[in-house]
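Both backbone and side-chain heavy atoms feed into the values below; hydrogens, waters and symmetry mates do not.
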Amino acid sequence: MSEKYFRFGLLGQQIAYSLSPRIFDWALREAGLAGSYESCSLAESDVAVFMWTHVKSLDGLNVTVPYKTVVAGLCHELSADASRIGAVNTAYWSGNRLIGDNTDSSGFGFALDLLLKNRPPCRRVLVIGGGGAARATLLELERRGVREVTVAARDTTRAESTLQHLAFSGLRVVPLNDCISGDGYDLMIQATPIGSVNQPGTPVPRMLPIDSATAVMDLIYAPRETEFLRQARECGAQTMNGLPMLIAQAAAAFEIWTGVRFALEKAMLELLPEFSPR
């Protein structure tokens, strides 16, 4: 066992529901490393001081809503993914420099492979939301060559502004109500916090055109089935919550911070057997 004691943390707001401590405790034990993981729920006015002081004593910090964009603005250096997404979910100090990374895109890619296994390639995709989580999914969709993507947002002007630097040629932004009618989508991704334990409800005023040909992912994992996912399942869609993405993005962060491989397939089997690869 390594003599080093690793200290990790999570920054967010109202995060008592988070499963990240459980995931990282598992990862440390599996890798034979000593360490701990703490949750830090702060007001926005305290975030900067926290990043400049407390985080220097940590080997790595996860960042969740609503601070991913705030932390990106505090970092001295951003990874290529964090820069394009405009948000940070993984941060650490290197010497006197605060480094920001984003593992949400790769985590989403892992989850998407599970959802779309044995399904034909997606050609028409709907992403609900225009924030950091949505941008992470769009980056992965772009890498996969998906060229017909609709982003539905409450504030289209803001969404268009934040999505510009992604340079996604096949992207169109529409008001939330406009995505309800029209032809169906092969894949729908719910990327807003609406439906979570802290913001119950559904992001759409009425159900979208969904049937058994549609794959639906909600990036929320608490509750395990949001109202949006429940309605999609009752329409016959194949559905998935955000737990596989959560574990996969944590795996990437763990490897960045420790240099030790995270046993992702084993983690899925032991922490989330219902979604484990077959």
- Which is it for R233 and L229 under the side-chain contact (heavy atoms from CB on, under 4.5 Å) test, yes or no, and what are the steps along the way? CA-CA 6 Å; R233 175 178 55 78; L229 275 191; over 6 Å; no

- Query: Run the salt bridge (charged side-chain N to carboxylate O under 4.0 Å, His left out) check on E142 and R147 step by step: do they pass?
  - Reply: CA-CA 7 Å; E142 180 191 40; R147 287 292 173 263; 5.5 Å; no

- Item | From CA spacing to verdict: side-chain contact (heavy atoms from CB on, under 4.5 Å), I210, Y185 | CA-CA 8 Å; I210 291 176; Y185 298 91; over 6 Å; no

- Yes or no on side-chain contact (heavy atoms from CB on, under 4.5 Å) for F8 and S36, after CA distance, side-chain angles and deciding distance? CA-CA 6 Å; F8 306 129; S36 60; over 6 Å; no

- Message: Test side-chain contact (heavy atoms from CB on, under 4.5 Å) on L98 and W52; report intermediate values, then the result.
- Response: CA-CA 8 Å; L98 179 60; W52 302 135; 4.0 Å; yes

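Q190 and T192 share a donor-acceptor pair across their side chains, judged by distance under 3.5 Å alone. Judged purely by distance below 3.5 Å, without hydrogens or angles, the side chains of Y17 and N198 never pair a donor atom with an acceptor atom. Between the side chains of Y67 and Q13, at least one donor N or O sits under 3.5 Å from an acceptor N or O. No hydrogens or angles considered: a donor-acceptor pair under 3.5 Å links the side chains of R119 and Q238. There is a side-chain donor-acceptor pair under 3.5 Å between T150 and R172. No side-chain N or O of S105 forms a donor-acceptor pair with one of D81 less than 3.5 Å apart. A donor-acceptor pair shorter than 3.5 Å can be found between the side chains of S79 and D101.
The residues E77 and R97 are annotated as salt-bridged, a charged nitrogen and a carboxylate oxygen being separated by less than 4.0 angstrom. Using a 4.0 Å cut-off between charged nitrogen and carboxylate oxygen, K4 and D59 count as a salt-bridge pair.
For the pair K68 and V63, the tightest heavy-atom approach, listed with the atom from each and the gap, is CE-O, 3.3 Å. L114 and P244 get closest at one heavy-atom pair: CD1-CB, 4.0 Å. Summarising the geometry of L58 relative to L61, their closest heavy-atom pair is CD1-CD1, 4.1 Å, with the distance given to 0.1 Å. Pairing each heavy atom of L163 with each of L171, the nearest pair is CD1-CD2, 3.9 Å. Closest approach of T226 to G195, counting heavy atoms only: CG2-O, 3.6 Å. Contact between E30 and A263 at its shortest, heavy atoms only, is CG-CB, 4.3 Å.
Put simply, CG on N102 and CD1 on I85 are 3.5 Å apart, with the number rounded to the nearest 0.5 Å. Atom-to-atom distance recorded for E148:CD and D186:CG is 8.5 Å, nearest 0.5 angstrom. Atom CG of L187 sits about 7.0 Å away from atom CE of M217, to the nearest 0.5 Å. With rounding to the nearest 0.5 angstrom, the CG atom of L139 is 10.5 Å from the CZ atom of F108. Atom OG in S39 sits 5.0 Å away from atom CG in L10 (nearest 0.5 Å). In this structure, L115 CG and K117 NZ are separated by 12.5 Å, a value rounded to the nearest 0.5 Å.
At a threshold of 4.5 Å between non-hydrogen side-chain atoms, the residues Y37 and R22 do not count as touching. Taking the side chain as every heavy atom from C-beta outward, L219 and M245 approach each other to under 4.5 Å. Taking 4.5 Å as the limit, some side-chain heavy atom of K266 sits within range of a side-chain heavy atom of W26. By the 4.5 Å heavy-atom criterion applied to side chains, R135 and R84 are not counted as neighbours. Proximity of V127 to L141: side-chain heavy atoms (C-beta onward) are separated by under 4.5 Å at one or more points. Residues V149 and L138 have side chains in contact (heavy-atom distance under 4.5 Å, counting atoms from C-beta outward). The shortest distance between side-chain heavy atoms of F228 and V204 falls below 4.5 Å. In this structure the side chain of V216 never reaches within 4.5 angstrom of the side chain of I189, judged on heavy atoms.
Counting non-hydrogen atoms of other residues, nucleotides and ligands closer than 6.0 Å to CZ of R230 gives a total above 12. Remark: R123 CZ is loosely packed, at most 12 non-hydrogen atoms of other residues, nucleotides or ligands lying under 6.0 Å away. Within 6.0 Å of CG in D211 there are more than 12 heavy atoms belonging to other residues, nucleotides or ligands.
With hydrogens and angles disregarded, a donor-acceptor distance shorter than 3.5 Å links the side chain of S196 to the backbone of P193. Judged by distance alone, the side chain of R144 and the main-chain N or O of G109 form a donor-acceptor pair under 3.5 Å. When atom types are taken as modelled, the side chain of T156 and the backbone of V174 share no donor-acceptor pair closer than 3.5 angstrom. Judged by distance alone, with hydrogens and angles left aside, the side-chain atoms of D218 form no donor-acceptor pair with the main-chain N or O of N241 at under 3.5 Å. In this structure a side-chain-to-backbone donor-acceptor pair under 3.5 Å is present from T162 to R158.
Two different hydrophobic clusters hold I15 and V88 under the rule that ILVMFWY side chains link at heavy-atom gaps under 4.5 Å. Linking ILVMFWY residues whenever their side-chain heavy atoms come closer than 4.5 Å, directly or via other members, places L19 and M240 in the same cluster. A single hydrophobic cluster is not seen to contain both F110 and I220; linkage of ILVMFWY side chains at heavy-atom distances under 4.5 Å, directly or through other members, places them apart. Under the 4.5 Å side-chain heavy-atom criterion for ILVMFWY residues, no single connected hydrophobic cluster contains both L243 and V65. Under the 4.5 Å side-chain heavy-atom criterion for grouping Ile, Leu, Val, Met, Phe, Trp and Tyr, F6 is connected to I23 within one hydrophobic cluster.
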Contacts table for residues 247-258: side-chain donor-acceptor under 3.5 angstrom, sequence neighbours left out:
{"residue": "Q249", "atom": "OE1", "partner": "N89", "partner atom": "ND2", "Å": "3.0"}
{"residue": "Q249", "atom": "OE1", "partner": "T103", "partner atom": "OG1", "Å": "3.4"}
{"residue": "Q249", "atom": "NE2", "partner": "L246", "partner atom": "O", "Å": "3.0"}
{"residue": "E255", "atom": "OE2", "partner": "F262", "partner atom": "N", "Å": "2.9"}
{"residue": "T258", "atom": "OG1", "partner": "F254", "partner atom": "O", "Å": "2.7"}
{"residue": "T258", "atom": "OG1", "partner": "V260", "partner atom": "N", "Å": "3.0"}

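A ring-centre distance under 6.0 Å is not found for W93 and H54.
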